[in-house]
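Working notes for the structure below.
Treat the numbers as computed from the prediction; the structure is a model and nothing was measured. Order of appearance sets the numbers: ligands from 1, and atoms from 1 within every ligand.
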Amino acid sequence: MKKITVIGTGYVGLVSGAGISDFGHHVTCADIIESKIRLLKNGEIPIYEPGLHELVDRNVNAGRLSFTTKVDEAIQQADVIFIAVGTPQSDNGEANISAVESVAKSIGKNLNSYKVICTKSTVPIGTGNIICELIRENMVDGGEFDYVSNPEFLREGSAVKDFLWPDRVVIGASSTKAFNIMQDVYRPLYVNEKPILHTNVATAEMIKYAANAFLALKISYINEVANLCEAVGADVHLVAKGMGQDGRISSKFLHPGPGFGGSCFPKDTQAFATLSRKKGVPMNTIDAAITTNNIQKTRMVEKLKNLIGSDFSGKTIGILGLAFKPNTDDVRESSSIEMIQSILDEGGKVKAYDPIANKSMQNIFTDLNYLHSWEEACDGVDAMVIMTEWNEFRGMNLKKLKKVMKTPLVLDTRNILSMDKLSEYGFQFDNVGRKTVL
Ligand code: UDX
């Protein structure tokens, strides 16, 4: 069993730390934010992620998982150190790696034996070299380490499952010794014959960006197809189905909607595009995916206006779903932000409800009218918009909905309501890329 330290207890760090301890290793999760570590030590989880609480509890109780703010000590005692701190987008579109650099310096200062230093954070291609240099500059003579890039592909809302049952593990290792150690870390996956791809560091860093940007591209593509479907009277769901049945295309990530959001796609596509321009090899496809995504968000606002038949002044709109996708409380880059902002800017009012993300959205819109159920959020409204495909919205009682709304206007940006039922109950509605009753 290896002694592992994971630095950074955000989505990636916490899920990875808990997951690796579940593989049987002794894991210390370290963070400089005392409030986070205090919560974790008290058995609480600072983020909402299905299955994470159980995973953490199980491994803490088994004595394999612990939490500390003593980052230096945690580095000294580890065989393998995972860097999983945040890399937010800076104003110039590049990822801000200052937290990663600071961790690299600490690792250098505390390098008391051979260690594998492994980056899980999504970092710009070439960051591996910067990290190695910073470690070398700060370490005392004779320090020894190997560097590995081991990008994470976990999705919020199913991160635990993605970690424990990944499609593949990418290990960009600078030496065979380091690759073998990392393979040992992931031993249960290796034994179960999950593909473990050995590459060099730059290739591993590239795989992460290329994969995320491709998925974002796929979403923007289907969103544009959806918009054209509206113009020609086609149904985008059947188009996506027909496309997805071609094994070369696959049906995944062909669901049209109000534009992608979250902590990864918007940031990673920007960083990828910025890097490509900097290297003189522009990625026109990714630039287009970003532009299309911005347009899609605005398009949803225009759709709502068309449905209402005027601008938003004096209107009250019920917004159902604030998170950028279901099963998370994360509202970062969520399309609901642009929708809400546009309504407020034009003098409209918003009644908002999300099963778990009301609190997160309060950090962005402090004074919004947040409700505790979809019925309350739709009570007396001029129109209702579904922004996130939570299951409880899929099954909503349309008869009841019609009764509580002032005017039966529905914009379903996730295409989750039955168009037949909406018509049957006399709603006027719109959606993305399907038949519209206006
Ligand atoms: C993504 C990647 O899937 C994951 O591999 C990577 O590690 C991090 O980024 P995440 O941001 O958690 O994960 O969510 P994901 O399920 O990929 O959805 C991202 C956005 O795309 C959401 O706003 C979602 O609503 C949207 N989306 C996704 C669509 O609009 N259509 C789809 O078909 C799929």
Would you check the N or O atoms of [X], main chain and side chain alike, for any that come under 3.5 Å of an N or O of ligand 1?
X    : value
R155 : no
E156 : yes
G259 : no
F260 : no
P256 : no

Residues [X] and [Y]: side-chain donor-acceptor under 3.5 angstrom:
X    : Y    : result
N431 : D412 : no
E392 : Y353 : yes
T87  : K267 : yes
N96  : S90  : no
W390 : N327 : no

Which part of [X] is near ligand 1, with near meaning a heavy atom under 4.0 Å away: side chain, backbone, both or neither?
X    : value
N212 : side chain
D268 : neither
R414 : side chain
K208 : side chain
K325 : side chain
K218 : neither

Are E49 and K161 within salt-bridge range, i.e. N to O under 4.0 Å? no

Within 6.0 Å of CG in D167, more than 12 heavy atoms from elsewhere: no

Numbered atoms of ligand 1 (with element) below 4.0 Å of E152, judged on heavy atoms: 7 (O)

Can you say whether the rings of Y209 and F272 are parallel (under 30°), tilted (30 to 60°) or perpendicular (over 60°)? parallel

Heavy atom of the protein closest to [atom] (residue, atom name, distance):
atom                    : value
atom 1 (C) of ligand 1  : F265 CE2, 3.5 Å
atom 31 (N) of ligand 1 : H255 O, 2.8 Å
atom 7 (O) of ligand 1  : L154 O, 2.9 Å
atom 11 (O) of ligand 1 : F324 CE1, 3.5 Å
atom 30 (O) of ligand 1 : I219 CG2, 3.5 Å
atom 5 (O) of ligand 1  : F153 O, 2.8 Å
atom 9 (O) of ligand 1  : C264 CB, 3.0 Å

N/O donor-acceptor pair under 3.5 Å between S175 side chain and A178 backbone: yes

Is the backbone of L409 close enough, under 3.5 Å, to the side chain of Q428 for a donor and an acceptor to pair up by distance? no

Residue pair F324 / E156: nearest heavy atoms and the distance that separates them: CE2-OE1, 3.2 Å

Here's a test for you: under side chain to side chain contact (heavy atoms under 4.5 Å, CB included), which of D379, I319, L368 qualifies with K351? D379

